[in-house]
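Notes to accompany the following structure.
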Amino acid sequence: MDDTLKNKLLFQWKNASAVMEDAETKAADTYCRGYIDFLNAVKTEREAVREAVIMAEKHGFVPRQSGAGFAPGDKVYLNHRGKALILCVAGKRPLGEGLSIAAAHVDSPRLDLKQRPLYEEAGVAFFDTHYYGMVKAYQWTGIPLALHGYVVLKNGQGLNICIGEERGDPVLLIADLLPHLAKKQMEGPAKDMVKAEDLDVIAGLRFCPGESGAGAVKLNILRLLYEKYGVTEGDLISAELSVVPAFPARDLGLDSSMVGGYGQDDKVCAYPALTALFSLEEPPEYTACVVLADEEEASSLGVTGMQSCFFENFIRDIAREKTPAALHHSLCISADVNTAFYHLYADVFDPRGDARLNHGVVLFRYWGRGGKDNTNEASAETIAALRKILDDAGVLWQTGEGGRVDAGGCGTLSQFITSLDIPTVDLGVPVLSMHSPFEATAKADVYMAHRAFTAFFKRV
Ligand SMILES: [Zn+2]
């Protein structure tokens, strides 16, 4: 069979290392320097929204004034309660013809402090935690941790907290058991190795000046927090404080072909969605929209999650009486990660169906679990529209199954967007070591996500 026919008939995985020109590989490396900086600036959804607003304003976006007009080329954003963000570039076509929407989430798995987190035991002060999102508890022991968050005082004043990121800042630790005494621990199932309730963070050892005995160490931690931020133990109740890995994102692999870092699920899709939107020099044909949502790792519930009506309300504000048509004719990419195949855990992966690292963005029609439950299955028409956009732009892409049937499962934002009558398909970057404190992505795939979203926003 000659090659032309073979290329025509077969749909094959293509390795970025084989098909990308040197100049494009260099462009991917340069692009990912910005991505790594972004990861290092934002570890929580609030930080992501804050940074995205700064980036947007630099690109000429202004806050959306409810009820104002919306003319082609207008660039607006809506900061939704500091934890979710909608950005829009008005297109040439009327809104009733639909929008191009890319929706990513900016929350990541982490350990949240409990409502009354601080306690003292045997002369050591601890922060008690309640994990957020799917985590393997044992991965959070024995690594440097930082404290990020936001405290609101009774007078309504908000304070950003960040300890453990600056050079010279102290970091925190969840202690693990030494291997010498871990015989029993190591024989048990991994889920019991470190109990979620035991993910307590060591905060300090020293007495508060002038105090001694029980409670003096806890008091000292409160003193330090008070001196730095002016917060008391009571203020920690009206707070969102999280413990996240303290190490920075950086180049990964001796060839620097990958990005290693915390929180890439789903900032590895949020960042390319933003850069694609910012790269639009002319008003696009269809209004281009990026949504950065919160709470995806906890079922998208809550007022800043995608199950809230904030996005629909935004569309109502810009499209008015054309809202049903605008929703109906829109096309949405649920920009979320998928898993990359890994040979050492081949028994849970589909060797023919799962996405590969360094083989481009993953277009996945469904994920879910237990017979396509907890997912949106995109229609053939929606997939066809995306295939065309990606192929026409020469974007490297692949498909993914998200593991073997019934090996586990996952959901994304897409099911909540389809509830608005918006055809939606998942497309994102394959991730290795997903939901671990140090996730890995291929630079080529991250760059392809930027190119994919750019092509999507420029669709005609
Ligand atoms: Zn996730």
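First listed ligand is number 1; within each ligand, the first listed atom is number 1. Just so it is clear, the model here is predicted, and its values are computed rather than measured.
- In this view, Asp198 satisfies the side chain to side chain donor-acceptor pair (under 3.5 Å) rule with no residue, not counting sequence neighbours.
- Annotation: ring pair (Phe, Tyr, Trp, His ring centres under 6.0 Å) contacts of Phe70 (sequence neighbours excluded): none.
- The cationic atom of Arg110 (NZ for Lys, CZ for Arg) does not lie both less than 6.0 Å from the six-membered ring centre of Tyr131 and within 45° of the ring axis.
- Note on Asp265: counted as a metal contact of the Zn ion (ligand 1), an N/O/S atom lying under 2.8 Å.
- Residue contacts to the Zn ion (ligand 1): Asp266 brings no N, O or S atom closer than 2.8 Å.
- Interatomic distance, CE of Met258 versus CD of Gln264, reported as 11.0 Å (0.5 Å rounding).
- Per residue Glu297, closest N, O or S atom to the Zn ion (ligand 1): atom name OE2.
- Look at His105 and the Zn ion (ligand 1): no N/O/S atom of the residue is under 2.8 Å from the metal.
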